[in-house]
Amino acid sequence: MKKYFIKAKKIYTFDSKKNIYNFIIVDNGKISELGNNLIINENTLPILDLSNYIILPGFIDSHVHLTSTAMNEISVDLSSFTSLKEIIKTLEALRDSLPEGEWIIAKEFDPTNLEEKRNITQEELDRYFPNHPVLIIRKDAHSSIINSLGLRLLEIEISPINGLIKERDHQIAIGKAYQSIDPSLLVKGLIKTLKKAAEKGITTIHALEGGYTSPPNSPQLLLGLKQYFPIDVIIYYQTTSIKKVKDLGLKRIGGCLLVDGSISTLTAAISEPYLTNQGHGVLFWDIESLSNFIKTAHKEDLQIAFHAVGDRGIDLLLKAYQRVLKEMPKEDHRHRIEHFELPQKEHIKIVSQLNLTLSLQPSFLYFWGGEGKLYEQLLGKERAKRIIPLRSILNENIVAGGGSDSSVTPMDPFLGIYSAINHPNEEESITLEEAIKMFTYNSAYIGFLEKEKGSIEKGKDADLVILEKDPFEIKNKEELLNIRVLGTISKGKFAYKDPNLITNF
Ligand SMILES: [Zn+2]
Ligand SMILES: [Zn+2]
């Protein structure tokens with residue numbers, strides 16, 4: 001439908017005046033008119049009648065590992081199994097449907113759920129699957145069990161104990177296994193993943209691709225498929241090769257390019273030690289090489305994004321950004337820091353002074369924040385309180401986008417929004433409006449997309465999410481977790497429609 005009219009109960013535009021309207025005219029995928037009580041001859045245009053419902057700007061997830069999420073989507077889910085016997089039976093059936101040499105990848109393996117209460121062994125995997133490489137990813141997502149053939153095919157220097165590999169070896173194994181998978185399977189996984197995103201109201205994804213955890217050439221693959229996707233995907237290429245990025249005509253480099261590691265694996269670089277192992281984490285760069293790389297990318301006019309989690313990692317990255325921006329100031333660079341989980345107070349000020357932007361994942365707080373949870377266990381109460389200090393960040397007028405780091409946490413903006421307004425440290429909570437803005441306008445801005453996306457305004461893409469309930473009128477915050485997305489419109493077309501949404505469209 002080229003041109004049509006949408007009536008709604010309330011349209012929260014998230015424009016700079018915070019206007020609320022009740023109609024939109026969509027023309028060729030763009031918003032051509034909007035306002036209140038337009039008097040038109042309604043017969044002249046088809047009408048999408050949403051007068052019982054609420055409309056928000058389509059959500060933007062600013063940190064997604066799209067192809068690895070897709071791979072995850074197509075691997076066998078073992079979470080509901082209760083015995084090793086059952087697991088082997090299921091994987092045998094899969095084995096018999098696959099040609100020899102094809103990978104069998106399973107996830108969510110949890111021995112505590114099983115009668116046998118133990119890991120499957122390499123010997124067992126070798127016995128049942130001598131001609132198929134097998135990788136069983138454990139529930140903690142930081143370790144896996146691999147058979148001998150799998151290990152041989154990966155051609156990497158690891159010596160697992162009884163097939164068990166951990167942390168970085170595990171990451172490398174997953175990345176390598178993904179690289180050997182049939183691309184048509186990957187495409188299926190991508191479509192499934194993007195459909196799931198649309199069901200959660202997402203109309204745009206910042207896809208962080210490339211590097212050892214993605215299938216080979218995933219940026220090229222996504223660029224080729226983009227036009228067939230139901231929602232928009234923009235690509236951050238996780239490489240240090242500027243040539244690779246330029247060759248594809250991309251404008252963004254980085255993503256989870258690691259300055260340091262992560263808190264859960266005790267590798268985020270921090271100034272005071274972890275409580276559990278007394279370590280200080282790891283830095284993957286020194287100041288010279290980091291500044292040199294940033295300088296080269298900055299000179300080439302690329303937007304840069306780096307993963308920095310601990311205060312020592314953040315400090316190093318800020319020093320490098322500072323050095324380059326002092327030497328070569330640029331008005332509107334919008335260079336990014338991903339995660340920014342444990343900054344010091346002065347780091348927040350420097351981000352603001354340097355006009356850097358942030359890409360944050362509030363749902364980390366939902367899973368690992370709060371009393372007795374992971375952050376407290378590893379860092380103690382005091383530091384855990386300072387994780388992702390949203391209020392302090394917004395108080396410095398920093399533009400912070402919202403994301404999921406999928407598949408680390410699910411692509412679910414309402415989960416992120418809920419987590420942001422319920423920070424375990426109440427002083428760092430933000431308002432509902434601010435939280436929605438993180439997942440709409442701010443995520444558009446930190447991807448240089450705010451002229452087309454992020455708010456409902458004349459001339460912008462008709463990217464809309466249709467909600468059953470008004471999030472601003474719910475009685476308790478928990479309801480946010482169950483707000484029903486009835487439909488998602490991307491560039492004027494339904495990317496998702498709930499079966500209960502009856503329309504003539
Ligand atoms: Zn990261
Ligand atoms: Zn990431």
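When a ligand or atom number is given, it counts from 1 through the structure's own listing order.
- Note on H63: not counted as a metal contact of the Zn ion (ligand 1), no N/O/S atom lying under 2.8 Å.
- Between the Zn ion (ligand 2) and the N, O or S atoms of D405, the shortest distance is to OD1.
- Minimum-distance N/O/S atom of H339 relative to the Zn ion (ligand 1): NE2.
- Salt-bridge annotation for E108 and K139: present, with a side-chain N of the basic residue lying under 4.0 Å from a carboxylate O of the acidic one.
- With 3.5 Å as the limit, one finds no donor-acceptor pair spanning the side chains of S62 and H206.
- Here H307 does not reach the Zn ion (ligand 2): none of its N/O/S atoms is less than 2.8 Å from the metal.
- Of the possible polar contacts, none joining the T203 side chain to the S490 backbone as a donor-acceptor pair under 3.5 Å is found.
- Looking at E376 and K381, a side-chain N of the basic residue comes within less than 4.0 Å of a carboxylate O on the acidic one, giving a salt bridge.
- Checking H65 against the Zn ion (ligand 2), an N/O/S atom falls under the 2.8 Å cut-off.
- Taking a cutoff of 4.0 Å between a charged side-chain nitrogen and a carboxylate oxygen, K188 and E73 do not qualify as a salt bridge.
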